[in-house]
2 protein chains.
Amino acid sequence: MKIDKEALQQLCPTRDVLDRIGDRWSVLILSELEEGSRRFTVLRRAIPDISQRMLAQTLRHLEADGLVTRTVYPTIPPRVDYALTELGRSLMAPLRALVAWAEANHQAVRDARQRYASTVTDGSPSTARPIMAASA
Amino acid sequence: MKIDKEALQQLCPTRDVLDRIGDRWSVLILSELEEGSRRFTVLRRAIPDISQRMLAQTLRHLEADGLVTRTVYPTIPPRVDYALTELGRSLMAPLRALVAWAEANHQAVRDARQRYASTVTDGSPSTARPIMAASA
DNA sequence: CTGCATCCGAGAGGATACTG
DNA sequence: CAGTATCCTCTCGGATGCAG
């Protein structure tokens with residue numbers, strides 16, 4: 001029995017957007033498109049790590065969400081341009097803020113992970129968790 | 001053979017943060033903690049849909065990333081408080097902006113998906129994609 | 001109360017091959 | 001060039017049971 005996702009959506013209306021942000025490629029693609037419309041292959045080269053499957057899929061999702069437009073030129077060879085919609089552009093402002101934070105603080109996050117890892121590794125048998133003494 | 005994630009991290013330093021944002025529960029937990037420190041069970045009740053397993057796991061991740069602190073009071077029964085760190089609080093500003101955008105525009109996204117779905121369903125055999133005429 | 005361990009199904013995402 | 005289809009792997013995340 002599946003818990004209906006519709007009900008979950010009512011509780012968390014932001015899921016629609018956050019899921020898209022979190023899916024590894026959307027942010028990269030949106031950032032690239034922010035600088036102007038791009039063809040499929042150009043996007044692929046701009047994001048070398050993405051597989052063509054995920055690029056196509058993610059672009060369809062973004063299109064479905066109304067964040068990008070897809071324009072097909074019925075030429076030979078075919079040509080398809082992707083560009084941000086108004087909605088997509090309006091998303092870039094808060095998104096850039098988040099990315100800026102990430103760029104500014106990712107090193108701090110890395111350091112924290114390093115410390116955390118060493119804390120765990122340090123003298124802990126197997127299932128023990130690090131314990132911080134109560135301050136009160 | 002696993003492609004080393006380290007190399008990918010170098011290309012996308014924001015992955016650290018974005019992955020955390022995208023993992024379904026972090027944002028909810030951080031939002032809850034923004035209003036003050038919370039005990040494990042209180043968090044669970046505040047986010048009814050989360051399973052015990054994911055709450056503990058997500059909290060450990062957030063702790064590892066240096067975004068929240070974990071304070072154990074060695075009492076019986078045990079009591080554990082979670083709270084935002086400075087780093088965590090500094091993340092909330094851009095995060096709130098993004099959530100605000102999501103709340104303001106999620107309906108637009110929903111509508112877009114609706115239109116997209118009907119476009120696809122409309123008279124398309126099976127593998128055909130919607131085609132937009134070139135404007136030029 | 002706070003959480004870890006285990007089992008399990010569903011989905012993300014990569015590699016490859018094929019099409020118009 | 002711009003995809004789609006298939007296969008396969010790995011992680012996410014829920015359910016349940018156990019422990020300090």
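Proteins come first, then strands; the chains are lettered A, B, ... in the order of their sequence lines, and each starts at number 1.
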When the distance from [atom1] of [X] to [atom2] of [N] is rounded to whole Å, what number comes out?
| X | N | atom1 | atom2 | result |
| --- | --- | --- | --- | --- |
| A:Ile50 | C:dA12 | CD1 | P | 14 Å |
| B:Arg20 | D:dT11 | CZ | C1' | 13 Å |
| B:Asp19 | D:dG13 | CG | P | 11 Å |
| B:Leu55 | C:dC1 | CG | C1' | 13 Å |
| A:Tyr73 | D:dG3 | OH | P | 13 Å |
| B:Asp23 | C:dG11 | CG | P | 18 Å |
| A:Met54 | D:dG3 | CE | P | 15 Å |
| B:Arg45 | C:dC1 | CZ | P | 8 Å |

pair A:Leu43-A:Glu32: side-chain heavy atoms closer than 4.5 Å:
yes
Student check: side-chain heavy atoms of B:Arg38 and B:Asp81 closer than 4.5 Å:
no
For A:Leu33 and A:Tyr82, which heavy atoms make the closest approach, and how far apart are they?
CD2-O, 3.4 Å
The residue, B:Gln52 or B:His61, whose nearest nucleotide of DNA chain D is more 5′ is B:His61
Between B:Thr58 and A:Phe40, whichever has its closest DNA chain D nucleotide further toward 5' is A:Phe40
Could you work out, with salt bridge (Lys or Arg N to Asp or Glu O under 4.0 Å) as the rule, every residue matching B:Asp111, not counting sequence neighbours?
none
How do B:Leu59 and A:Gln57 order along DNA chain C: which one's closest nucleotide is nearer the 5' end?
B:Leu59
How do B:Val42 and B:Arg53 order along DNA chain C: which one's closest nucleotide is nearer the 5' end?
B:Val42
So how far is it from B:Leu59 CG to B:Thr69 OG1, rounded to the nearest 0.5 Å?
10.5 Å
Residues forming a side chain to side chain contact (heavy atoms under 4.5 Å, CB included) with A:Ser90, sequence neighbours excluded:
A:Leu87, B:Trp101
Among D:dC1, C:dG3, C:dG14, find the nucleotide with the atom closest to the side chain of B:Ala56.
C:dG3
Members of residues 75-84 of chain A that approach DNA chain D, where some heavy atom sits under 4.0 Å away
A:Pro77, A:Pro78, A:Arg79, A:Val80, A:Tyr82
Return no unless some side-chain N or O of A:Arg70 is found under 4.0 Å from OP1 or OP2 of D:dG3.
yes
Going by an N to O cut-off under 4.0 Å, is there a salt bridge joining A:Arg60 and A:Glu63?
no
